Amino acid sequence: YEVYQCDWSSDVCSSDLDMAAATDGKSFLLITAKNSDLFESLTKSTVLWVDENGNEFYSFDNAKVFSLPAISPDNLKACFVGNTVGYSSNNALFVVDKKSRDTKNLTEEFDPTIKAVEWQDEDHITFKTPRNVYSGIYSVNMDGTVNTLLAPQYVVYDYSVNSNSKEVAFVGSQDNIPNELYVNKF
């Protein structure tokens with residue numbers, strides 16, 4: 001892959017390509033395309049995991065329209081969202097083990113439309129997905145078992161999970177009530 005100077009008149013460089021850094025700063029998870037063409041970035045993007053010197057040690061392109069890369073707190077796993085059907089469903093939450101390079105779709109049985117992800121701890125990933133007109137927040141373990149952290153009763157705009165206190169804080173609204181900050185035990 002070559003590094004190209006971005007054409008800022010295109011929204012590809014600024015919004016369609018993404019990256020995450022490991023907490024130790026020794027690796028980066030990149031969503032990239034060979035050029036800045038929007039169609040190319042949607043249909044032929046690749047997830048790359050590289051070390052601090054730019055050496056690639058993992059590559060994945062068996063889905064479309066990748067987004068939301070994140071590296072686990074222990075830097076041994078990474079996750080990203082992709083589309084296994086079409087171009088806009090965000091229906092797959094993939095996890096990769098750094099050592100074995102094994103990749104697994106954790107949400108294959110759940111069939112969500114994933115809008116946000118966050119590592120809860122080394123073995124659980126949280127994600128936000130719409131259900132009807134509301135948003136639910138869920139946790140999935142490395143075996144693909146999904147648990148509900150927040151039932152879809154609110155329109156959730158942003159959230160954060162505290163595993164120690166077993167709470168999810170979120171900004172959301174319900175019915176005609178303006179956005180408020182809520183904290184929910186799970």
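Small disclaimer: the values here were computed from a predicted structure and weren't measured. Keep in mind that the numbers below use all heavy atoms, side chains included, and drop hydrogens, waters and symmetry copies.
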Please give me the minimum heavy-atom distance between Y138 and P152, naming the atom from each residue. OH-CD, 3.6 Å
Whether F60 and F80 hold their rings parallel, tilted or perpendicular, with breakpoints at 30° and 60°: tilted
Does a salt bridge link D158 with K128, judged by any charged N lying under 4.0 Å from a carboxylate O? no
May I ask you to check whether Y154 and Y159 place their ring centres under 6.0 Å from each other? no
Can you tell me how far apart CD1 (I125) and NZ (K77) are? Round to the nearest 0.5 Å. 8.5 Å
Short side-chain to backbone donor-acceptor contact, D121 and D123, under 3.5 Å: yes
Which heavy atom of A21 sits nearest to which heavy atom of M19, and what is that distance? N-CE, 4.1 Å
Heavy-atom count around K185 NZ within 6.0 Å, excluding the residue itself: above 12? yes
Parallel, tilted or perpendicular for W49 and F57, by the 30°/60° rule? tilted
In Å and rounded to the nearest 0.5 Å, what is the CG to NZ distance from N90 to K115? 5.5 Å
Is a side-chain N or O of N141 found less than 3.5 angstrom from the main chain of D143, in a donor-acceptor match? yes
Inspect the surroundings of CD in E108 and state if more than 12 heavy atoms from other residues, nucleotides or ligands are less than 6.0 Å away. no
Shortest non-hydrogen separation from V161 to E118 and the atoms involved: N-OE2, 3.0 Å
Out of curiosity, F94 CZ to K104 NZ, how far, rounded to the nearest 0.5 Å? 12.5 Å
Going only through I, L, V, M, F, W and Y residues with side-chain contacts under 4.5 Å, is there a path from L150 to Y134? no
Restricting to non-hydrogen atoms, name the atom on D18 and the atom on P69 that form the minimum distance, rounded to 0.1 Å. OD2-CD, 3.5 Å
Could you walk me through whether S27 and K98 pass the side chain to side chain contact (heavy atoms under 4.5 Å, CB included) test, one step at a time? CA-CA 10 Å; S27 67; K98 186 176 186 180; 4.1 Å; yes
For T129 and F110, which heavy atoms make the closest approach, and how far apart are they? CG2-CE2, 4.2 Å
Drop me the distance from F28's CZ to E56's CD, to the nearest 0.5 angstrom. 15.0 Å
Donor-acceptor side-chain pairing of N75 and T23 below 3.5 angstrom: yes
Answer yes or no: is there a donor N or O on one side and an acceptor on the other, between the side chain of D175 and the main chain of I177, under 3.5 Å? no
Is it the case that the side chains of N147 and S139 hold a donor-acceptor pair, with the cut-off being a distance below 3.5 Å and no angle test? no
Is there a donor-acceptor pair under 3.5 Å between the side chain of D51 and the backbone N or O of N53? yes
With L48, the side-chain contact (heavy atoms from CB on, under 4.5 Å) member among L29, T32, D61, I31: T32
So, S72 and D74: side-chain donor and acceptor under 3.5 Å apart, yes or no? yes
Can L149 be reached from V117 by stepping across I, L, V, M, F, W or Y side chains whose heavy atoms are under 4.5 Å apart? no
Is there a path from V171 to V156 through hydrophobic residues (I, L, V, M, F, W, Y) whose side chains come within less than 4.5 Å of each other? no
Quick check for you: to the nearest 0.5 Å, what is the distance between F127 atom CZ and S135 atom OG? 12.0 Å
Polar side-chain atom of T107 near backbone of N91 as donor-acceptor pair, under 3.5 Å: yes
For G25, is there any backbone N or O sitting under 3.5 Å from a side-chain donor or acceptor partner on E52? no
Report yes or no: do I114 and V146 belong to one cluster of Ile/Leu/Val/Met/Phe/Trp/Tyr joined by side chain heavy-atom distances under 4.5 Å? yes
To the nearest 0.5 Å, how far apart are CG in D102 and OH in Y58? 9.0 Å
Are L106 and F66 connected into the same hydrophobic cluster when the rule is that any two of I, L, V, M, F, W, Y join if their side-chain heavy atoms are below 4.5 Å apart? no
More than 12 foreign heavy atoms under 6.0 Å from CG of N55: is that the case here? yes
W119 versus M142, closest heavy-atom pair with distance: CZ3-CE, 3.9 Å
